[in-house]
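For the numbers below, each heavy atom of this structure counts, side chains included, while hydrogens, waters and symmetry mates do not. Proteins get letters first, then strands, A, B, ... in listed order; numbering begins at 1 in each.
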Amino acid sequence: MSTSFQTIRGTFDILPDAYTDDGGTRIAPSAEWRHVEATVRDVMRRHNFDEIRTPILEPTELVARGVGESTDIVQKEMFAFERGDTQYVLRPEITAPVVRAYLQHHLDQRGGVQKLFYLGPCFRAEKPQKGRYRQFHQFGIEILGADEARADAETIAVLMAVCEALGLSDLKLRLNTLGTPERREEYVQALEEYLRPYANELSDTSRRRLERNPLRILDTKVEHEQKLLRDAPKLIDFVDEESLVHYDEVKGLLTDLDIEYEEAPRLVRGLDYYTETTFELESPGLGAQSALAGGGRYDRLAEVLGSDEPVPAVGFAAGMERLFLALDAADAERPGPPTPDVFIAALGDDAEQWVFRTSQELRNEGLHVAHDLMGRSLKAQMKEANRQKAPYAMIIGGNELEAEAATVKEMKSGEQEEVPFDELTPYLQRRLEGNASGGAPA
RNA sequence: GUGGGUGUAGCUCAGUUGGUUAGAGCGCCAGGUUGUGGUCCUGGAGGCCGUGGGUUCAAAUCCCACCACUCACCCCA
């Protein structure tokens, strides 16, 4: 069997079994994705967040305005297209769509603070590499309508809770404040003035940023530029008193929660909408893609999207693919694929019919039942039962039909016993309960 | 956009200085058991050797181009 088609560059299939892609990266099986998603949902429920689902398709203008014209995302990474006179984009992130939905549906009218979480695919037309895909999956939260430092701290606490629930440790939380846009603007000017004399010492990209978005130069990894920045004006010196108080409060609350962090004065993050608190969660040792999640406050985004009043907001976004890299590195425990409770093997046409009907009945009772669909030999069916790791196999042939009792075999021990047809469900339920600890969770 | 790497069976990989019909392990299918899985034994299916061109009596092997995938830089989750 073959096909000339294949997944589009930078995308991947999630299969029932784990496999390694051509770059040697392990692609987790669907059961592990379910496990991570279920863990996220459970943490969200405990933290009182409600799920929001927005379309994958959004107006291009929403992204351009929300994420920022100067960002790489908008400059060169959007999957955008036109139909009729509408410009569409496959969402590259989910914060702007959530704020759009919040404004569109007047969610503030639900009353109080809106605590929302999301989980789903995003798209960016970047060059793919390990832990970075063109279709990738994010989950995250947005707390809308709360300007208190506790909202910032809770955002970070939720992120840490998810990681802990998944069994991740050795993570590094990096924290910074950007202050208000006004003060940031002043700082940007000062930074620009400082750097301009050195313009011809800068790398091409940094020189371009000097024009477009000087703040991002702080992110540079070029050693020479880092040296230059040592004597540059400091962002923190421009942040106003109110922002500093807010920042201190956030740090105090994190300490209260025993959440360790490291201050990162140069952490500016790539998206234009961040203000005040910003943070990033790193998993050291993951190489180029060590950032598992990032977030911060974005008090001005609602207005950028047309709101006539500001909506204080804070949130994070985490990358699922990166999370899996970290889980692999940490060798964290994850469930195997679901296995049938019982495999029912049929011998002969009459038996096949009985098995087919009885399987449905047992399934209606809640049992996970497997049977053959290929008309294969008993031997082959038993082999299949073994492969699927069913703890019990049931054999139905002429003898069983006549006796109205099934041959039930415990695979591990190989022991068999006869069980009357009308006692099958309670029998299986009782036996399965007995070794519930041994079975893989579904 | 810039650099590097890799393309042989479903998977992991051998394949000598170019030389007959391209191999192994695992997996898959069947048989050894007329009604029984795992271990074992036997057999089988499955390859445009990434694509196209060139050199040669002869190319998986040498040369060129292209394509695909991938890692890294940039940036980001």
Side-chain angles (χ1 to χ4, degrees), chain A residues 1-2 4-12 15 17-25 67 70-77 92-95 120-140 159 203-206 208-209 213 216 219-222 268-271 280-283 286-295 316-326 343 345-348 351 374 376-401 407-416:
Chain A
M1 289 187 286
S2 67
S4 55
F5 295 108
Q6 57 178 331
T7 45
I8 285 173
R9 178 182 171 74
T11 69
F12 57 91
L15 304 178
D17 294 316
Y19 67 100
T20 50
D21 68 16
D22 293 335
T25 302
V67 177
S70 69
T71 59
D72 279 4
I73 291 179
V74 171
Q75 292 280 311
K76 53 185 188 187
E77 296 171 1
E93 55 95 55
I94 309 188
T95 296
C122 295
F123 303 82
R124 291 183 198 171
E126 299 177 277
K127 220 164 188 183
Q129 56 188 275
K130 193 181 183 72
R132 167 197 277 173
Y133 298 89
R134 289 185 161 186
Q135 174 176 345
F136 58 105
H137 299 78
Q138 286 195 335
F139 69 87
L159 174 59
S203 63
D204 289 350
T205 47
S206 288
R208 222 174 308 123
R209 283 182 195 155
N213 193 350
R216 302 253 306 283
D219 255 348
T220 186
K221 277 150 197 156
V222 180
V268 293
R269 311 210 46 74
L271 309 187
E280 187 170 280
L281 189 64
E282 270 189 18
S283 177
L286 283 194
Q289 263 65 47
S290 60
L292 297 186
F316 75 77
M320 303 263 287
E321 288 77 7
R322 305 264 170 104
L323 219 49
F324 276 111
L325 288 180
F343 188 103
L347 201 63
M374 298 174 90
R376 296 210 283 186
S377 69
L378 179 62
K379 178 191 170 96
Q381 291 182 66
M382 292 303 290
K383 210 171 165 176
E384 186 64 25
N386 186 62
R387 190 193 357 255
Q388 294 195 28
K389 297 192 171 70
Y392 295 94
M394 203 186 286
I395 295 166
I396 305 296
N399 302 341
E400 284 77 8
L401 290 179
T407 300
V408 179
K409 177 171 186 168
E410 184 183 46
M411 296 298 277
K412 197 173 167 187
S413 64
E415 284 166 18
Q416 299 189 169

Counter-base of [N], judged by Watson-Crick or G-U geometry with both distances under 3.5 Å:
{"N": "B:rU34", "value": "none"}
{"N": "B:rC69", "value": "B:rG5"}
{"N": "B:rC62", "value": "B:rG54"}
{"N": "B:rA45", "value": "none"}

Polar pairs (N or O, both sides) under 3.5 Å between protein and nucleotides 8-14 of chain B?
none

How close do [X] and [Y] get, counting heavy atoms only, and between which atoms?
{"X": "A:Met411", "Y": "A:Ala390", "result": "CG-O, 3.2 Å"}
{"X": "A:Ala345", "Y": "A:Leu378", "result": "CB-CD1, 3.7 Å"}
{"X": "A:Tyr133", "Y": "A:Phe136", "result": "O-CD2, 3.5 Å"}

* Only counting residues at least two apart or in another chain, list the ones meeting salt bridge (Lys or Arg N to Asp or Glu O under 4.0 Å) with A:Glu77. =>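 So A:Glu77 forms no salt bridge (Lys or Arg N to Asp or Glu O under 4.0 Å) with any residue.
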Atom [atom1] of [X] and atom [atom2] of [N]: how far apart are they, to the nearest Å?
{"X": "A:Glu77", "N": "B:rA77", "atom1": "CD", "atom2": "C1'", "answer": "12 Å"}
{"X": "A:Gln6", "N": "B:rU70", "atom1": "CD", "atom2": "C1'", "answer": "12 Å"}
{"X": "A:Phe343", "N": "B:rG37", "atom1": "CZ", "atom2": "C1'", "answer": "10 Å"}
{"X": "A:Gln138", "N": "B:rC76", "atom1": "CD", "atom2": "C1'", "answer": "10 Å"}

Indicate, yes or no, whether a donor-acceptor pair under 3.5 Å links the base of [N] to the side chain of [X].
{"X": "A:Lys127", "N": "B:rU70", "result": "no"}
{"X": "A:Gln416", "N": "B:rU36", "result": "yes"}
{"X": "A:Arg322", "N": "B:rC76", "result": "yes"}
{"X": "A:Lys409", "N": "B:rG37", "result": "yes"}
{"X": "A:Lys379", "N": "B:rU36", "result": "no"}
{"X": "A:Glu282", "N": "B:rA77", "result": "no"}

Categorize [X] for me: base, sugar-phosphate, or nothing, with a 4.0 angstrom heavy-atom threshold over every strand shown.
{"X": "A:Gly414", "value": "base"}
{"X": "A:Ala291", "value": "sugar-phosphate"}
{"X": "A:Lys412", "value": "base"}
{"X": "A:Tyr133", "value": "base"}
{"X": "A:Gly131", "value": "base"}
{"X": "A:Glu400", "value": "base"}
{"X": "A:Arg124", "value": "base"}
{"X": "A:Leu347", "value": "base"}
{"X": "A:Glu384", "value": "nothing"}

* To do: Walk me through it: do A:Thr407 and A:Glu400 pass the test side-chain hydrogen bond (donor to acceptor under 3.5 Å, both in side chains)?
  => CA-CA 7 Å; A:Thr407 300; A:Glu400 284 77 8; 2.6 Å; yes
Measuring to OP1 and OP2 of [N], would you say a side-chain N or O of [X] lies under 4.0 angstrom away?
{"X": "A:Gln129", "N": "B:rA72", "answer": "yes"}
{"X": "A:Arg132", "N": "B:rC74", "answer": "no"}
{"X": "A:Arg9", "N": "B:rC69", "answer": "yes"}
{"X": "A:Thr25", "N": "B:rC71", "answer": "yes"}
{"X": "A:Arg376", "N": "B:rC29", "answer": "yes"}

Between the protein and nucleotides 42-50 of chain B, list every N/O to N/O distance that falls short of 3.5 Å.
none

Side-chain ([X]) to main-chain ([Y]) donor-acceptor, under 3.5 angstrom:
{"X": "A:Arg322", "Y": "A:Ala291", "result": "yes"}
{"X": "A:Arg134", "Y": "A:Glu126", "result": "yes"}
{"X": "A:Glu93", "Y": "A:Thr95", "result": "yes"}

* Of all the choices, B:rA72, B:rG38, B:rC28, which nucleotide is nearest to the side chain of A:Asn386 once you look at every atom? ->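 Nearest nucleotide to the side chain: B:rG38.
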* Asked: Which is it for A:Glu321 and A:Thr25 under the side chain to side chain contact (heavy atoms under 4.5 Å, CB included) test, yes or no, and what are the steps along the way?
  -> CA-CA 10 Å; A:Glu321 288 77 7; A:Thr25 302; over 6 Å; no
* Say you pick atom P in B:rU70 and the same atom in B:rC64; how far apart are they, in whole Å? ->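 It comes out at 25 Å once rounded to the nearest Å.
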* **Side-chain touch A:Met382/A:Arg376, heavy atoms, less than 4.5 angstrom** =>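 When only atoms from C-beta onward are counted, A:Arg376 and A:Met382 do not touch, as no gap falls below 4.5 Å.
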